[in-house]
Amino acid sequence: MTALELIRNFSIIAHIDHGKSTLADRLIQACGGLTDREMKEQVLDSMDIERERGITIKAQTVRLQYKAADGITYTLNLMDTPGHVDFAYEVSRSLAACEGSLLVVDASQGVEAQTLANVYQALDAHHEIVPVLNKIDLPAAEPERIKIQIEDVIGIDASEAVMISAKTGLGIGDVLEALVKRLPAPKGDASAPLQALLVDSWYDAYLGVVILVRVREGILKTGAKIKLMSTGALHQVERVGAFTPKAVTMAELGPGEIGFITAGIKAVADCAVGDTITEEKRPAATALAGFKPSVPVVFCGLFPSDAAEFEHLRESLQKLRLNDASFQFEAESSTALGFGFRCGFLGLLHLEIIQERLEREFNLDLVTTAPSVVYKIVLTNGEAVELHNPADMPDVVRIDEIQEPWIKATIMVPDEHLGSILALCQERRGIQIDLTYAGNRAMAVYRLPLNEVVFDFYDRLKSVSRGYASFDYSLDGYETGDLVLLNILVNAEPVDALALIVHRTQADRRGRALCEKLKDLIPQQMFQIAIQAAIGGRIIARETVRAMRKDVLSKCYGGDISRKRKLLDKQKEGKKRMRQFGKVEIPQSAFLAALKTGPD
Amino acid sequence: MSLPPDPRGFGVYVHWPFCRSKCPYCDFNSHVREKIEAEAWEHGLVVSLVRQKARFEAQGLGARRVSSIFFGGGTPSLMPPRLVGTIIDTIARLWPLETDAEITLEANPTSAEAENFAGYAAAGVNRLSIGVQALEVNALGFLGRTHDPDEARRAIALATQHFPRFSFDLIYARPGQSVAAWERELRQALDLAVGHLSLYQLTIEPGTAFYGAHARGDFALPDDALAGDLYEATQALLTTAGLPAYEISNHAKPGQESRHNLLYWRYGDYLGVGPGAHGRLTLEDGTPLGRKLATRAQKAPETWLASLDADNDGLTEVDAVAVPDRLTELTMMGLRLAEGVPLARYLRETGVRPDASLDATGLSRMIDGGFLTQTDTHLTATDAGRQRLNALLTQILPEDAPR
């Protein structure tokens, strides 16, 4: 057990590409966590997707031993946090496990939106924040300007920002000293009943479920019988340890310490993030504040492009769920797409990540339908049903009312962009709750229907604020709405994958926009293609993709045969991703792109 | 039609890889060299012919009669006439020539090259294919051609004196070209043409000077609608003039079709000699379909020539063509022709009728849409189908051909 005053727990907050991973690597290196030989570039972001997107999906930690200038060796726990609003709750639990944060800002780029969302969360978690200006060795670096920007935009003192170049290693010692001197030590009582925060959990092929914990009070020991307070489930601790970043076994974790345990738990689904772990024989009186069970809020259909892959998809989803309990799935069938699964996610990014992992790690070829929220439908006979899929919408004559989920959204934005943000919220049926200013930044609080948010709201928010708006939300109940089912027809056949539930006032705009979008996305073919939007039997928009006039190789002689044949084979490959509508085949990518991007 | 009755003739393609300058649209295997050792090349081509014959006869090529020879390039009109004569004589010594064998040579219409026309005719060439490309001086400049329209006219006049048959090429759908301007140029061309014209829409190929220029936005090609208008205007004008399209870009008076090129489109056998030349050979191996080979020679001229020193035939790839690929190749080549593909050819190349191997849904959709016809004897792309052949092919070729 480490003395409290010798522990510093911190996370790193940074925008993509501002150097979070490189800095983490340097800190690990400087503390001898890994030898140079073991040092693989960017140790923390281990999954391919994380590396490529610069997003951390699972929280990870590193325990470092740092001998400070005062001659004392400190234990530093670096907590890497998920970096997206979809995982806002997971982020809040990771931050709750630390006392401070390094705010890494690119010295030429300055503060960006993702940084803001996370830094406000860190402030909410009462973190001490140490600003770090990275890439100061670049000619474009303007540290003084960026310091002022940090003070203006975030409202924290940046006068003692640490100047570094994570790439060259410049200033890494200063960062470590700042951690020791400027961050508070954790508090806690080793003699109190055990109270540990379940920060994250994942499935390891050798160890089973591994749980990442932050001990608040008491001591977590090998062999102890622990209780998960939300479920009351009991488990025997098999192993206690920490990542250095290699997994190292320890006898116990005391107050203020961060580490992992294994306890013979079979499924990640049994380890809810934010839960409190206590000891069976001497339980804590109360659980730690802030626990929320994870509830999917966005649903979509996932279908294998090749119907024969259905079982493979089922197995893959089961395997993924071993490691990510926050998404759900159940079998469904679509007339156009065949058998697949209706899946629920924490948000749009979460959806994309799962989809990408299925395609990449399990080599699946998927069709994804439009994201939708969970509607509550009250039927004329008084029965209430939950609707996860627009295609399951009951006949309008049987519907008494449709209720949709609302959210309470907080948007922070520099005031020059406030006008366009307010207009966007208004356009999306938002109701303003509050509007305040902090320096030159405005904070707008709105109530918004979630179905307006799952539809390209982030993209629009980002573009109208040039990336400076930060956005966070929490669910805020259900309300009755004037909602209608909008169908898209291609050559008079409804595309069930494109069916949407929209507010009546938005139907014309969305229908028109989808038709126009599809017109641009669907390549010309040998036959004319009619694209229509309809509410019930009423056509509200129509576009036409004209038949192609010419598509032929001008020259083709003896020497061209092999090459042209291979070209044709490649085109035939593309056919697998085609969907049949009457006489025409529409590439799946057209639908996907139509689903992904907004109209404006 | 008075086409050769046996589609399975046997042709020899001879590739001459040298040019005075590289044209910006050309992605053929052509190279600019200061000096060319004609004797070394003569030796190389002869040796390659002899060795290829020996190699493939040992594998079941069987007795063949040569129905056509084609000198392509590069710029074959840079070959000394004596060299052309030696090659023709060598081929005739290796295989009997059909009495009406077609011997074509591609020529540029510069005055220097036109001086060789008489020599080629004397060497045995009986058909000339002239790379005129345009009849407007600005267009010739854009296309990087070194001749002017008057030189082209003189070369055509000279060709009519020396060769019983000749053709020339034009490139259209050039940047900024209107349908009316093209029709004017085409009428001038029809005044000069005798029996055959090749009319190609300009395409941008990777690895050419135009590829980078086009990507940079230096010029734009006609869009789909204008390209369609230009193509249709071409068909209408040439049909009226009595030179209907017998292939997508080739027009001829009946009987004046290029027999050698028909061999390609009918998926017949041909031997390829010279750098980068391709061949297709069907060998007897005791099976009903025989063994189809795709051959390719070394591409770089010097590598090709050097490889012949060492007992080699100059070929770098000799691959068996699997039956599903024979289906694709027969279909994609054959549907370029107005005559279509005889069902018997499907039986010969794939063992089954096309409706048993091609995509049934695609076939019926294309037939219903007026892009394809199937009779008791032929599968044929209609005019509209040929104009959109790429799309048509992806519709009818099977998604996963069984192998």
Side-chain angles (χ1 to χ4, degrees), chain A residues 304-309 336 365 490-491 493 519-530 544-590, chain B residues 11 13 15 28-29 70 72 171 173 198 200-203 224-232 248-249 261 263-265 267 270 272 276-280 294 296 319 321 325 328-329 332-333 336 361 365-366 368-369 371 384-395 397-401:
Chain A
S305 294
D306 178 355
E309 293 284 285
D365 207 1
V490 170
N491 280 354
E493 289 186 29
K519 184 193 176 209
D520 291 341
L521 291 167
I522 295 177
Q524 284 186 310
Q525 302 197 23
M526 300 186 79
F527 301 96
Q528 173 174 302
I529 303 166
T544 304
V545 179
R546 286 188 308 158
M548 66 163 70
R549 292 284 307 283
K550 186 171 178 295
D551 178 24
V552 63
L553 301 166
S554 215
K555 283 189 170 193
C556 191
Y557 294 97
D560 299 315
I561 298 182
S562 303
R563 191 159 55 102
K564 306 297 188 200
R565 192 229 312 145
K566 281 170 193 157
L567 222 63
L568 266 177
D569 284 346
K570 220 178 253 174
Q571 283 167 4
K572 274 158 52 187
E573 271 295 298
K575 254 171 101 174
K576 287 188 189 160
R577 284 181 171 259
M578 296 284 195
R579 296 284 151 201
Q580 190 74 44
F581 289 92
K583 283 186 294 188
V584 301
E585 281 165 333
I586 313 285
Q588 176 199 327
S589 59
Chain B
Y13 175 77
H15 192 81
F28 286 10
N29 186 29
F70 196 101
I171 295 176
S198 299
Y200 304 109
Q201 286 211 356
L202 176 61
T203 53
D224 174 67
L226 181 52
D229 288 346
L230 286 163
Y231 182 87
E232 286 166 14
I248 282 157
S249 302
N261 289 335
L263 194 60
Y264 297 143
W265 298 317
Y267 201 38
Y270 53 97
H278 289 250
R280 282 288 184 288
R296 185 171 71 80
D319 297 322
V321 184
D325 294 336
T328 302
E329 293 186 348
M332 70 173 217
M333 296 309 277
R336 297 184 70 86
T361 320
R365 206 185 300 154
M366 290 300 100
D368 293 347
F371 298 109
R386 284 201 305 282
Q387 186 167 339
R388 301 161 178 87
L389 187 62
N390 286 347
L392 189 158
L393 288 169
T394 48
Q395 291 286 320
L397 289 170
E399 199 171 289
D400 284 307

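Reminder, nothing fancy here: chain letters follow the sequence lines and each chain counts from 1. This one's a predicted model, so the numbers in the text were calculated from it and none came from an experiment.
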- d(A/Met548 CE, B/Asn390 CG) to nearest 0.5 Å is 8.0 Å
- Donor-acceptor under 3.5 Å (B/Ser249 side chain, A/Ser554 main chain): yes
- Query: Would you find a donor on one side and an acceptor on the other, under 3.5 Å apart, between the side chain of A/Arg549 and the backbone of B/Tyr231?
  - Reply: no
- CG (A/Asp551) and OG1 (B/Thr394) are apart, to the nearest 0.5 Å, by 7.5 Å
- Message: Would you call the rings of A/Phe527 and B/Phe371 parallel, tilted or perpendicular, taking 30° and 60° as the class edges?
- Response: perpendicular
- Note on the structure: Whatever's closer than 4.5 Å to a heavy atom in chain A on B/Asn29 counts as neither
- Query: Which one, B/His278, B/Arg280, B/Met333, B/Arg388, leads in non-hydrogen pairs under 4.5 Å with chain A?
  - Reply: B/Arg388
- Largest heavy-atom contact set with chain B, pairs under 4.5 Å, which of A/Met526, A/Glu585, A/Arg546: A/Met526
- Query: What part of B/Glu232 is in contact with chain A, defined as an atom under 4.5 angstrom from a non-hydrogen atom: side chain, backbone, both or neither?
  - Reply: side chain
- Note on the structure: Heaviest contributor of heavy-atom pairs below 4.5 Å to chain A, chosen from B/Arg386, B/Gln201, B/His15, is B/Gln201
- Indicate yes or no: at least one non-hydrogen side-chain atom of B/Arg336 is less than 4.5 angstrom from one of A/Leu553. yes
- Query: What pairs with B/Phe28 under ring pair (Phe, Tyr, Trp, His ring centres under 6.0 Å), at least two apart in sequence or on another chain?
  - Reply: none
- Query: Checking B/Ile248 against chain A: side chain, backbone, both or neither under 4.5 Å from a heavy atom?
  - Reply: side chain
- Query: How far does CG of B/Leu226 sit from NZ of A/Lys550, to the nearest 0.5 angstrom?
  - Reply: 11.0 Å
- Excluding sequence neighbours, so at least two apart, what forms ring pair (Phe, Tyr, Trp, His ring centres under 6.0 Å) with B/Tyr200? none
- Task: For A/Lys555, look at atom NZ and say whether over 12 heavy atoms of other residues, nucleotides or ligands are found less than 6.0 Å away.
- Result: yes
- How many angstroms lie between atom CG of B/Asp325 and atom CD1 of A/Ile561, to the nearest 0.5 angstrom? 12.0 Å
- Item | Heavy-atom contact with chain A under 4.5 Å, split by part of B/Leu202 | neither
- From CA spacing to verdict: side-chain contact (heavy atoms from CB on, under 4.5 Å), B/Arg296, A/Ser562: CA-CA 10 Å; B/Arg296 185 171 71 80; A/Ser562 303; over 6 Å; no
- Message: For B/Arg365, which atoms come within 4.5 Å of any heavy atom of chain A: side chain, backbone, both, or neither?
- Response: both
- Task: Measure the spacing between CG of A/Leu568 and CG of B/Leu389 and express it to the nearest 0.5 Å.
- Result: 8.0 Å
